[in-house]
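As the structure is a prediction and not an experimental result, all values here were calculated from the model.
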Amino acid sequence: MPYFNSTAISRAEYNSATRVLQIWFVESGGPYDYYGVPQHIFDGLCNAASKGGYFNDHIREQYGD
């Protein structure tokens, strides 16, 4: 499970079998679950220069509850 040096997201965990992404936020904790997330989206989050920006652009509205 990757830990991030980010002001928005402290860590994330991804289950490729269920396609569930769990995210822990710096301010509000977690985990928060996001469903149906493809592997490439998780990989993009891990590689993004801005974790919060990537989350807002690619995860928040598309895979939220």
Can you list, pair by pair, the side-chain donor-acceptor contacts under 3.5 Å of residues 19-32, counting residues two or more places apart and other chains?
from  : atom 1 : to    : atom 2 : distance (Å)
Arg19 : NH2    : Gly36 : O      : 3.0
Gln22 : NE2    : Asp33 : OD1    : 3.0

In a table with atom names and distances, give each donor-acceptor pair under 3.5 Å that connects a side chain of residues 41-51 to protein atoms at least two apart or in another chain.
from  : atom 1 : to    : atom 2 : distance (Å)
Asp43 : OD1    : Gln39 : NE2    : 2.9
Asn47 : ND2    : Asp43 : O      : 3.0
Ser50 : OG     : Gly53 : N      : 3.0
Lys51 : NZ     : Leu45 : O      : 3.4
Lys51 : NZ     : Cys46 : O      : 2.9
Lys51 : NZ     : Ala48 : O      : 2.7

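By the side chain to side chain donor-acceptor pair (under 3.5 Å) test, Asn56 pairs with Arg60, sequence neighbours left out.
The minimum heavy-atom distance linking Ser6 with Gly52 is given by the pair OG-N, 4.5 Å.
In this structure, Tyr3 contributes its side chain and Ala12 its backbone to no donor-acceptor pair below 3.5 Å.
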(request) Given ring pair (Phe, Tyr, Trp, His ring centres under 6.0 Å), test Phe55 with Tyr34 step by step and report yes or no. (result) CA-CA 11 Å; Phe55 171 79; Tyr34 299 88; 5.5 Å; yes

